[in-house]
Amino acid sequence: RQVCIADYDNDGNLDVFITDQQGSSPRQLTFDSQDDMVSQFSSCGKYILFNSQRESKQFATWQVPLDGGVPRHVCPLESTHGSLSSDGSQFLFQKGYAGQYRLGYRGVAATSIWVLDLNTNTPTQLTDHIWNDRSPVWSHNEQSIFYISEESGQQNIHRLDLNSSS
């Protein structure tokens, strides 16, 4: 088993490293001057997804092979807390400016949940609220998603059926 972490490199910025569970022999996977923050392993287990501002002031999601190599965009749109579908055809993500620690925020900078069809490059907004919706994950069968929302006035886990018309 391997563990992926974001840690400071010799230049003082966050980069993505992979290591074993004991933390021995860490290997650096990213080398950009912008901070790279680990998001997750890809569902196929061959890539690490990470968020970075390496090409703009907005965060976008990238992936880098576990064996090393050149990172590539998964989602060139502003995106954080992303998750690839098991077949790699869809990318579920959070978009917005309000930070996760900005509890009770209501307004235009609230985070929302989106999905990007990677075959057609078509984004679809799944939530559109004045409060924060964040940290989406696929359900086991990918027919629905779970996300954290302040819809009830406090942060709670909510479920959205992707096949419903509402």
Side-chain angles (χ1 to χ4, degrees), residues 2-8 13-18 29-30 32 34-66 71-119 121-162:
Q2 294 181 311
V3 176
C4 188
I5 59 170
D7 200 0
Y8 292 99
N13 67 292
L14 288 171
D15 277 306
V16 176
F17 291 80
I18 188 109
L29 297 178
T30 64
D32 196 79
Q34 293 293 321
D35 286 346
D36 297 330
M37 294 173 286
V38 174
S39 182
Q40 69 173 60
F41 284 90
S42 64
S43 54
C44 67
K46 296 179 182 178
Y47 302 94
I48 295 294
L49 275 65
F50 65 95
N51 301 309
S52 181
Q53 294 172 302
R54 55 180 51 213
E55 286 189 352
S56 76
K57 292 182 180 181
Q58 297 179 338
F59 281 98
T61 303
W62 296 73
Q63 70 180 15
V64 63
L66 287 177
R72 74 169 186 83
H73 268 127
V74 172
C75 181
L77 304 172
E78 173 200 354
S79 58
T80 57
H81 300 283
S83 178
L84 283 168
S85 61
S86 59
D87 66 1
S89 68
Q90 296 188 75
F91 180 67
L92 182 65
F93 63 97
Q94 166 186 314
K95 181 178 179 183
Y97 302 100
Q100 68 183 25
Y101 303 109
R102 197 167 175 191
L103 302 177
Y105 175 81
R106 302 286 191 264
V108 296
T111 55
S112 56
I113 307 301
W114 291 67
V115 66
L116 177 66
D117 183 315
L118 295 172
N119 296 318
N121 221 24
T122 305
T124 303
Q125 188 170 2
L126 300 179
T127 66
D128 185 15
H129 302 127
I130 62 168
W131 53 79
N132 287 317
D133 296 328
R134 62 180 187 85
S135 304
V137 294
W138 297 100
S139 66
H140 72 284
N141 63 7
E142 297 180 350
Q143 299 301 305
S144 59
I145 64 165
F146 295 95
Y147 61 98
I148 297 171
S149 178
E150 295 183 20
E151 180 176 350
S152 62
Q154 296 183 30
Q155 291 189 16
N156 285 303
I157 297 173
H158 291 260
R159 180 180 171 270
L160 177 65
D161 183 355
L162 298 176

Sequence neighbours excluded, the answer for side chain to side chain contact (heavy atoms under 4.5 Å, CB included) partners of Asn121 is Leu116
Do any N or O atoms from the side chain of Asp117 and from the backbone of Thr122 form a donor-acceptor pair under 3.5 angstrom? no
What I'd like to find out is whether the side chain of Val115 reaches to under 4.5 Å of the side chain of Ile145, using heavy atoms alone. no
Close side-chain approach of Leu162 and Trp138, heavy atoms under 4.5 Å: yes
Contact between Arg134 and His81 at the side-chain level, heavy atoms closer than 4.5 Å - yes or no? no
Those residues that, when tested against Phe91, pass ring pair (Phe, Tyr, Trp, His ring centres under 6.0 Å) (two or more places apart): Phe93
If the condition is side chain to side chain donor-acceptor pair (under 3.5 Å), which residues does Ser89 pass it with, not counting sequence neighbours? Asp87
Taking only residues two or more places apart in sequence or in another chain, which ones pass side chain to side chain contact (heavy atoms under 4.5 Å, CB included) with Leu29? Val16, Ile18, Arg27, Ile48, Val64
Residue set satisfying side chain to side chain donor-acceptor pair (under 3.5 Å) with Trp114, at least two apart, ordered chain then number -> Ser112
One should read off an interatomic distance between Phe146 CZ and Arg159 CZ, to the nearest 0.5 angstrom, of 5.5 Å
Output all residues satisfying side chain to side chain donor-acceptor pair (under 3.5 Å) with Gln143, sequence neighbours left out; order by chain, then residue number. Asn163
Does any non-hydrogen side-chain atom of Gln125 lie less than 4.5 Å from one of Thr127? no
At their closest point, which heavy atom of Ala110 faces which heavy atom of Ile130, and how far apart are they? CB-O, 3.5 Å
Partners passing salt bridge (charged side-chain N to carboxylate O under 4.0 Å, His left out) against Asp36 (at least two apart in sequence or in another chain): Arg54
Counterpart residues, side chain to side chain contact (heavy atoms under 4.5 Å, CB included), relative to Thr80 (two or more places apart): Asn51, Phe59, Gln94
For His129, which residues count as a side chain to side chain donor-acceptor pair (under 3.5 Å) partner, sequence neighbours excluded? Trp131, Asp133
Roughly how far apart are Gln40 CD and Tyr47 OH, rounded to 0.5 Å? 14.0 Å
Do Gln90 side-chain atoms and Leu118 backbone N/O form a donor-acceptor pair below 3.5 Å? no
Considering only heavy atoms from C-beta outward, does the side chain of Leu84 approach that of Leu92 to under 4.5 Å? no
Is it true that the side chains of Ser149 and Gln155 contain a donor and an acceptor less than 3.5 Å apart? no
Can you tell me how far apart CD (Gln53) and CE (Met37) are? Round to the nearest 0.5 Å. 6.5 Å
Polar side chain donor-acceptor pair, Asp32 to Thr30, under 3.5 angstrom: no
So among Ser79, Ser83, Ser39, Ser52, which one has a side chain to side chain donor-acceptor pair (under 3.5 Å) with Thr61? Ser79
Val3/Phe17 under side-chain contact (heavy atoms from CB on, under 4.5 Å): CA gap, chis, key distance, verdict: CA-CA 8 Å; Val3 176; Phe17 291 80; over 6 Å; no
What I'd like to find out is whether the side chain of Tyr147 reaches to under 4.5 Å of the side chain of Val137, using heavy atoms alone. no
Side chain to side chain contact (heavy atoms under 4.5 Å, CB included) with Ser56: which residues, sequence neighbours excluded? Gln58
Are any non-hydrogen side-chain atoms of Leu160 and Ser144 less than 4.5 angstrom apart? no
